Amino acid sequence: MTARGRVREGEVGGDVAADLARDTAGGALTGGSAPDGVIVVKIGGGADPEQVLDEVAELAAAGRPAVLVHGGGDPADELAGQLGVAHRVIKSPDGTHSRRTDEAMLDVLTLALLGRVKPRLVSGLRARGARAVGLSGADGALLTATRKPAIRSVQDGRTVLIRDDRSGRIEHVDPTLVQAVLARGEVPVVSPPASDAEGNLLNVDADEVAARLAVALEASALVLLTGVPGVLADPADPVSRIPEVGPHHLEEGAVRGRMRHKVRAGLRASRSVERVAIASAHRHRPIRQAMAGAGSWVREGERDE
């Protein structure tokens with residue numbers, strides 16, 4: 001471990017390295033680095049899913065229940081450009097950024113997630129011998145959300161209220177449909193949108209979807225895979241990975257940008273999920289490596305050294 005709790009890319013502790021070597025030699029992710037129970041894996045829309053799909057298919061073949069949650073920001077941006085829909089950003093007072101989801105953008109996001117990203121993931125799992133079922137948060141009342149009445153955004157140095165956004169907060173998770181898919185030995189592939197009690201579609205954060213679903217399923221592990229090696233002390237420096245992240249990193253401003261959403265979601269999940277990690281989707285066997293400590297653990301309390 002380097003100074004101030006950082007580690008260099010590729011470094012793992014002795015016990016972690018032994019777990020990783022044993023799992024690599026043993027094939028599927030069923031060794032010491034993977035806890036028993038459901039594993040919820042979230043992959044971002046900008047990450048290459050191929051290695052993730054390999055591992056999820058391995059888990060399914062080994063009889064390990066796994067849920068794949070996905071976003072789709074990059075494909076949605078691409079589709080918005082093709083359809084001539086403006087891509088606008090909400091900058092919160094705390095510095096985090098999110099997509100402004102008016103009616104037109106909600107349509108684009110739904111088309112991208114359910115019509116482009118999800119079919120590719122489901123068919124990719126099928127090509128690897130795993131049966132998968134695509135679900136949105138609106139299916140079977142899986143995710144019930146309430147619309148945010150107004151959102152604060154910093155524009156030209158002023159804080160304004162945005163009232164036409166179609167995003168929401170997840171209020172309730174009913175995992176019945178996901179549990180039914182898992183009971184058949186299949187892989188649920190889940191994404192936004194959610195719906196409110198009246199059936200209106202709402203955009204919700206995909207990291208929050210994964211975290212809330214992991215809690216509802218009493219999962220043993222939640223892995224949030226992204227395009228960087230973990231939570232970075234310096235977003236421009238890929239070797240500044242923080243091996244364990246807690247609430248103080250948010251309070252002290254050590255976590256910036258979009259990563260704040262992931263850390264918040266992970267912290268909430270860590271109250272009941274045994275292992276929560278943020279790690280790179282671009283490593284060889286990324287789920288196994290995340291469970292071996294190659295990313296950043298997310299915990300409400302400090303992990304003993």
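Fair warning: this is a prediction, and the values are worked out from it, not measured in the lab.
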**Asked** Do Arg88 and Asp102 come within less than 4.5 Å of each other through their side chains, counting heavy atoms only?
**Response** yes
**Message:** When you compare the side chain of Val178 with that of Thr176, does any pair of heavy atoms fall below 4.5 Å?
**Reply:** no
**Request:** For the pair Glu208 and Arg169, find out whether any cationic side-chain nitrogen is under 4.0 Å from an anionic carboxylate oxygen.
**Result:** no
**Prompt:** Is there a donor-acceptor contact under 3.5 Å linking the side chains of Glu171 and Thr144?
**Reply:** no
**Message:** By the definition side chain to side chain contact (heavy atoms under 4.5 Å, CB included), identify the one residue from Asp207, Val231, Asp205, Val245 that meets it with Lys262.
**Reply:** Asp207
**Closest heavy-atom pair and its distance - Lys118, Ser191** = NZ-OG, 2.9 Å
**Asked** Hey, does Pro193 have a side-chain heavy atom less than 4.5 Å from the side chain of Leu109?
**Response** no
**Check: Asp165 and Thr101 side chains under 4.5 Å, non-hydrogen atoms** = yes
**Message:** I want to check something: taking the side chain as every heavy atom from C-beta on, are Leu217 and Gln179 in contact at a cut-off of under 4.5 Å?
**Reply:** yes
**Asked** Minimum heavy-atom separation for Val209 to Pro192, with atom names?
**Response** CG2-CG, 4.2 Å
**Request:** Could you pull out the closest heavy-atom pair between Val108 and Ala76, with the gap in Å?
**Result:** CG1-O, 3.5 Å
**Prompt:** Between Leu135, Leu125, Val56, which is the residue that forms a side chain to side chain contact (heavy atoms under 4.5 Å, CB included) with Val189?
**Reply:** Leu125
**Complete:** When every non-hydrogen atom of Ala269 is compared with those of Ala211, the smallest separation belongs to CB-CB, 3.9 Å
**Request:** Dump the intermediate steps for side-chain contact (heavy atoms from CB on, under 4.5 Å) on His249 and Met259, then the final yes or no.
**Result:** CA-CA 11 Å; His249 288 98; Met259 187 61 73; over 6 Å; no
**The single option from Val69, Val173, Val204 passing side chain to side chain contact (heavy atoms under 4.5 Å, CB included) against Arg212** = Val173
**Prompt:** Can you check whether Val38 reaches Glu218 side chain to side chain, under 4.5 Å on heavy atoms?
**Reply:** no
**Value rounded to 0.5 Å, distance of CD in Glu300 from CZ in Arg268** = 9.5 Å
**Item:** Taking every non-hydrogen atom, the tightest pair across Val298 and Ser270
**Value:** O-CB, 3.5 Å
**Fill in**
In terms of heavy-atom contacts, Val133 and Glu186 come closest through CG2-OE1, 3.3 Å
**Prompt:** Above 12 or not: heavy atoms from other molecules or residues under 6.0 Å from CZ of Arg147?
**Reply:** yes
**Leu213 side, atom CG; Ile170 side, atom CD1 - distance, nearest 0.5 Å** = 9.0 Å
**Request:** For Asp234 and Ser240, test the side chains for any donor-to-acceptor distance below 3.5 angstrom and give the result as yes or no.
**Result:** no
**Fill in**
In this structure, CZ of Arg166 is separated from CG of Leu201 (nearest 0.5 Å) by 8.5 Å
**Asked** In Å, rounded to the nearest 0.5 Å, how long is the span from CE of Met105 to CG of Asp77?
**Response** 6.5 Å
**Message:** Test side-chain contact (heavy atoms from CB on, under 4.5 Å) on Val67 and Val187; report intermediate values, then the result.
**Reply:** CA-CA 6 Å; Val67 179; Val187 180; over 6 Å; no
**Request:** For side-chain contact (heavy atoms from CB on, under 4.5 Å), just list the numbers for Gln51 and Arg283, CA-CA rounded to whole Å, side-chain angles, deciding distance to a tenth of an Å, and then say yes or no.
**Result:** CA-CA 8 Å; Gln51 296 193 80; Arg283 288 175 171 268; over 6 Å; no
**Message:** What I want to find out is whether Arg128 reaches Asp54 closely enough, with some N-O distance under 4.0 Å, to be called a salt bridge.
**Reply:** yes
**Prompt:** Quick one: are Pro286 and Glu55 in side-chain contact, heavy atoms under 4.5 Å?
**Reply:** yes
**Message:** Could you go through His70 and Leu113, starting from their C-alpha distance and side-chain angles, then the distance that decides it, and tell me whether this counts as side-chain contact (heavy atoms from CB on, under 4.5 Å)?
**Reply:** CA-CA 8 Å; His70 68 88; Leu113 292 174; 4.1 Å; yes
**Prompt:** Is the shortest heavy-atom distance from the side chain of Ser195 to the side chain of Asn200 under 4.5 Å?
**Reply:** no
